[in-house]
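Below: one structure, written as structure tokens.
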Protein chains: 2
Amino acid sequence: MSVDRDQVLRSAAALLTRKGSATMDEVAKAAGVSRATLHRHFAGRDALVRALEDLGLRECLAALDDARLDEGTAHDALRRLVGEIQPAAGLLAFLVTENALFEGESRHEGWARIDDRMTALFRRGQRDGEFRIDLTAVWLTEALYGLISAGAWAVLDGRVAANDFRHMIAELLIGGARRREEP
Amino acid sequence: MSVDRDQVLRSAAALLTRKGSATMDEVAKAAGVSRATLHRHFAGRDALVRALEDLGLRECLAALDDARLDEGTAHDALRRLVGEIQPAAGLLAFLVTENALFEGESRHEGWARIDDRMTALFRRGQRDGEFRIDLTAVWLTEALYGLISAGAWAVLDGRVAANDFRHMIAELLIGGARRREEP
DNA sequence: CCCGTATGAGACATTCCTGTCTCACGTGCG
DNA sequence: CGCACGTGAGACAGGAATGTCTCATACGGG
């Protein structure tokens, strides 16, 4: 009977990513609830986006924790991260795209911490000689966001199987598209 | 005196990518023109998005032509493509993100042709043994879109230098982040 | 069983956006 | 100079979206 708040947010993210001008009515329909109920849970569009931020932030932090980024090789940590973050990929795609992460001129504070942890992973990989250094850690972080978003959309559109999400993203980011003699 | 139509469209794309719910008034302000003038050039929001589609389509097709995708190695063709498409990266980021490319259920016809040409490049690279085959050509195409968008945003935010755009994207896509002994 | 709780449907006033119009101003050209 | 053209600023009505409200209904616990 009770509405699944997180599920509503996920539907909203999926819709808003593809149609940023969607109205509250459309969001409600997409989530399968009435506009009245949507308003009971989220005071307005701003509150809805805020809630999306919060949920995305929490899920990303949880994924970062579960991925144990400082254990093992940076390669393996990155693979774990992509796998752990997959459930939040849709939310992430929305948040990365939308200005939601920016307040004023600088990035959302909580988001900056996520950025930092990811960048730190790439830096560790570079220090340990696992990652090349001509591609900056900051760029690798941005690229990871971009690939996760692209992966989320590709899965939604049926262009990539959900089961391949982790492999496609992690292997492309780590090893690139070049064919190699030795694995 | 006369308004630069393409410049208005580029400003609109940059704004709409980050704030999909922006109003015509905000678009006009961002482009540095009055709302009246914006309306004189684009009948309404739909017409504006249509014009964005057209411009993006034209620039991407031009980039594809100039990149001569079927000449030389697939690696080099990809590098040329990324370089040629950089001026259109902002537009592309908007079009990839927004539902603009979808009409009904299937992708915009003109866009499907661009997709095909890019995918064909990756397939050629796979046939010639340049690209690995465990990452599908369709995914590599999607990933290229994602990386171009991420690159456009990173440049806009000053996180990556404009001059590094081509290298960061092409090298990451081709070679990945892994450090190698032999180049 | 009955009551509390949460939802869906719809009405409503208000606010905001849109699309169009008019008028004044500045620029370029003949 | 005088004219044509394009623009900025603002007013305006119409419409769409928002936010709030009421009422009926369905479910679930006590």
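Hydrogens, waters and symmetry mates are skipped; everything else that's a heavy atom, side chains included, is used. Throughout, protein chains are lettered first and strands after them, A, B, ... in sequence-line order, and every chain is numbered starting at 1.
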Within 6.0 angstrom of A:R113 CZ, more than 12 heavy atoms from elsewhere: no
Distance below 4.0 Å between A:H41 side-chain N/O and C:dT7 OP1 or OP2: yes
For residues 143-155 of chain B, run the donor-acceptor check on the side chains, cut-off 3.5 Å, and write out each pair with its distance to 0.1 Å, sequence neighbours left out.
from: B:Y145; atom 1: OH; to: B:D115; atom 2: OD1; distance (Å): 2.5
from: B:S149; atom 1: OG; to: B:Y145; atom 2: O; distance (Å): 3.0

Distance-only criterion, 3.5 Å: show the donor-acceptor pairs between side-chain atoms of residues 6-16 of chain B and protein atoms not counting sequence neighbours.
from: B:R10; atom 1: NH1; to: B:E59; atom 2: OE1; distance (Å): 3.3
from: B:R10; atom 1: NH2; to: B:E59; atom 2: OE2; distance (Å): 2.8
from: B:S11; atom 1: OG; to: B:Q7; atom 2: O; distance (Å): 3.1

Rounded distance (Å) that lies between atom P of C:dT18 and atom CZ of B:F42: 15 Å
Nearest-neighbour nucleotide for the A:R35 side chain, D:dT22, D:dG19, C:dT18 considered: D:dG19
Integer-rounded Å distance: C:dC17 C1' and A:R45 CZ: 13 Å
N-O pairing of B:R159 and B:D157 below 4.0 Å: no
Smallest separation among heavy atoms of A:L121 and A:L69, with atom names: CD1-O, 3.7 Å
A:H39 vs D:dC21: side-chain N/O to OP1/OP2 distance below 4.0 Å: no
Closest nucleotide among C:dT22, C:dT7, C:dG10 to the B:R40 side chain: C:dT22
Nucleotide D:dA17, atom C1' - distance to CG of A:D46 in whole Å: 14 Å
Between C:dT7 (P) and A:R5 (CZ): distance, integer Å: 12 Å
NZ/NE/NH1/NH2 to OD/OE distance under 4.0 Å, A:R58 and A:D54: no
Residues touching DNA chain D, which here means a heavy atom under 4.0 Å, drawn from residues 21-30 of chain B: none
Distance test, side-chain N/O of B:T37 to OP1/OP2 of D:dG8, below 4.0 Å: yes
